[in-house]
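Labels below follow one simple rule: chain letters A, B, ... track the order of the sequence lines, proteins then strands, and each chain is numbered from 1.
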Number of protein chains: 2
Amino acid sequence: MELDERKMTILRAIIQNYLETGEPVGSRTISKYTDLNLSSATIRNEMSDLEEMGYIIQPHTSAGRIPSDKGYRLYVDMLMADKQNEMESLKLQLNAKSERLDSILKEAAKVIAVNTNYASMITAPRYHRHRIKFLQLTQVDPDSLLTVVILEGNIVKNNLIHVDEELSKETMLKLNLMLNTFLQGLDLAEINASVMQKMRNEAGVYSALISDILDVIATSLESEEVEAYTSGSTNIFKYPELNDSAKASTLLSALEEKKELTDLMYQEGDSDRGIQVYIGDESPIEATKDCSVVTATYHIEEGVYGKIGIIGPRRMDYEKVVGTLRNLMEELDSIFRKDK
Amino acid sequence: MELDERKMTILRAIIQNYLETGEPVGSRTISKYTDLNLSSATIRNEMSDLEEMGYIIQPHTSAGRIPSDKGYRLYVDMLMADKQNEMESLKLQLNAKSERLDSILKEAAKVIAVNTNYASMITAPRYHRHRIKFLQLTQVDPDSLLTVVILEGNIVKNNLIHVDEELSKETMLKLNLMLNTFLQGLDLAEINASVMQKMRNEAGVYSALISDILDVIATSLESEEVEAYTSGSTNIFKYPELNDSAKASTLLSALEEKKELTDLMYQEGDSDRGIQVYIGDESPIEATKDCSVVTATYHIEEGVYGKIGIIGPRRMDYEKVVGTLRNLMEELDSIFRKDK
DNA sequence: TATTAGCACTCAGTAATACCGAGTGCTAAC
DNA sequence: GTTAGCACTCGGTATTACTGAGTGCTAATA
């Protein structure tokens, strides 16, 4: 059977109607809803075909139809194909100049959640692709050193290290010089055994200290846990199909734990620029089998990026969501460009 | 009417039973449950008295009794009075030495949530009481300076400042010296106009820069938003009395927003060492009117402390919760002592 | 051949009803 | 002061009937 023009129109009408109401839609509704001027009986025949083709589902014998995952997929693909779905620009209520990364991200998550009425999540840019731009070791106390690492993209990380003896000014200068000479411009992955060995040799008496320092730097950069912020998680209560305690609970757990969701967001083509949509069972993680998840990527600079995700019911307003995400991506891109 | 020994015993029995089951408890249950050897009829008479006195409530004519807020309050006060409710020590699964403040806190919140089966929340220690221990300004780029502020308690804050021109080594040394001379040992509140004016005078050509720096330091320290971490928020679904979407939603919103809850935790006697219990309507905030909230204080050092809160149903296992909190407080205290 | 009107049928949701049982208050007896 | 007994209350559940939205199919129509 072929999916001709008319069937497409009817399918789209069914989906759009269902997106609005969340109720199964019947033939009579479609007959009035569209400008096809067809009777409900004709629509019924077509719907019967569409069901056979797997695009729609009848929850029970005497009910209307709802879109299947396959139906949503077709709909979303059509949406994504016609690129001109521009939305009115949403303004982030943040003045980026003095704000810090984390508050920008929190704000962005909130804006998304409020705008779409779904739950949102945003991850901080991943660090392990960053190169080290600048290192600094400072004596704070007689028994503690402060290490500051600045990465490209101006991400600052710091740590305190305990030492047994106070170090002289000259030693500090020497260590600082050495750290910068050896490590500047390197990626975490590039700090391998041979670099570390060279540094330890150079450090002489302080080779143990250097080991400690490298250790701390490594763990602080590695920090496998991606920082992530969520917002609007209670929005899920707005959708009756998610609003039962079992579903809500697993979903909220996932939003609280974050780990699984960040994995999902980062999973495909790491440097992907596009927008990814997971509809229901398409999602590889259990917690969102009853939802749809839309993810997008924002860029801070070359090779450094974070992800934004929206989690809502299957009957998500994909058009709006995709528009909003496109928008926010640009907004964030420009904020970070300016900031640089 | 007097609250004699027997009435107390019966009240306690009612409360304990209700804590376990969550169902109204009847006279027959109590008659068997206690070792008073009284018939259900006698218990009924006593219950009738207890109701008149306001300690218990009958949800409807033909139901058993449940504790009123006043009843809980009496029970909790009795609990708190006998100090010897020590719990087995709960071990935090964290090796504090290389861990950073935020992961310790997150872990603590999680431990609490898992141990108690309620939702938990923990705030980072408040900064504005901190004295500045050490300041450092570093040129990172030709056009950006890094400021690092270390506060007593070894809390590190940093920020990048944009500058128009590269500064000479000597200038940097001078500025650093000056910042430390003027600001070391000061509280944020003590950095007043007169100190700032003196510094600007001293700074000469760089007075504008100094203003900028002070500004950034101030806003970064001030950061009115207290950092807070929650855990186990989905535990609330375990209690039928909270498990309806309206209640769950407001509660989860509060846990997500955090602001209101941190206010609650910090509200009474700021330096209070004790444990505070808000039962139902006793709570000043709307979101927790159907819950009980127990808060405690942990200390990092002199005058610097954070809060831990547990949010659960009215029929919370107060004994366990108070024990767990006492325990965690000590655990945290010792971790931070050691760390110092 | 495609469309439509008409009709019998299905089935979730809701309202009405009856029933059960846990629990009470009260009275009279111990 | 305590207890046994009994009538009464009332939330919860199961049963039943009813309603209405929606379908599939058939026969008539353009």
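No hydrogens or angles were tested; on distance alone, a donor-acceptor pair under 3.5 Å links the side chain of B/Ser62 to the base of D/dT9.
Residue B/Ser40 is out of contact with every strand shown, counting any heavy-atom pair closer than 4.0 Å. Within the 4.0 angstrom heavy-atom criterion, base atoms lie near B/Ala41. Note on A/Ser27: only backbone sugar-phosphate atoms sit closer than 4.0 angstrom, heavy atoms only; bases stay farther off.
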Requested in this report: Dump the intermediate steps for side chain to side chain donor-acceptor pair (under 3.5 Å) on B/Ser253 and B/Thr250, then the final yes or no.
Outcome: CA-CA 5 Å; B/Ser253 292; B/Thr250 52; over 6 Å; no
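With the nearest nucleotide of DNA chain D identified for both B/Thr42 and B/His60, B/Thr42 has the one nearer the 5' end. Nearest-nucleotide mapping onto DNA chain C: of A/Glu46 and A/Thr61, the residue sitting toward the 5' end is A/Glu46.
In this structure, A/Glu23 places its CD atom 14 Å from P of C/dA12, rounding to the nearest Å. Going from atom CG of A/Asn17 over to atom C1' of D/dG22 covers 14 Å, rounded to whole Å. Counting to the nearest Å, the C1' atom of C/dT4 and the CG atom of A/Leu36 are 15 Å from each other. Atoms CZ (A/Arg28) and C1' (D/dG20) sit 12 Å apart, rounded to a whole Å. Look at CG on B/Leu38: it is 10 Å from C1' on D/dT3, rounded to the nearest Å. Between the C1' atom of C/dT3 and the CG atom of A/Asn37 lies a distance of 13 Å, rounded to the nearest Å. Per the geometry, CG belonging to A/Asn45 stands 15 Å off P belonging to D/dA27, to the nearest Å. Straight-line distance from the CZ atom of A/Arg44 to the P atom of D/dA27: 16 Å, rounded to whole Å.
The local environment of CZ in A/Arg28 is sparse, with at most 12 non-hydrogen atoms from other residues, nucleotides or ligands closer than 6.0 Å.
Side chain of B/Arg44 to main chain of B/Gly26: no donor-acceptor pair is present (N/O by atom type, distance under 3.5 Å, no hydrogens or angles).
Residue A/Met47 has its side chain nearest to D/dT23 when only D/dT23, C/dG25, D/dT2 are considered. The side chain of B/Arg65 has C/dT24 as its nearest neighbour among D/dT3, C/dG23, C/dT24.
For B/Glu241, the side chain to side chain donor-acceptor pair (under 3.5 Å) criterion is met by B/Arg315, not counting sequence neighbours.
The side-chain heavy atoms of B/Arg65 and B/Tyr18, taken from C-beta on, include no pair separated by under 4.5 Å.
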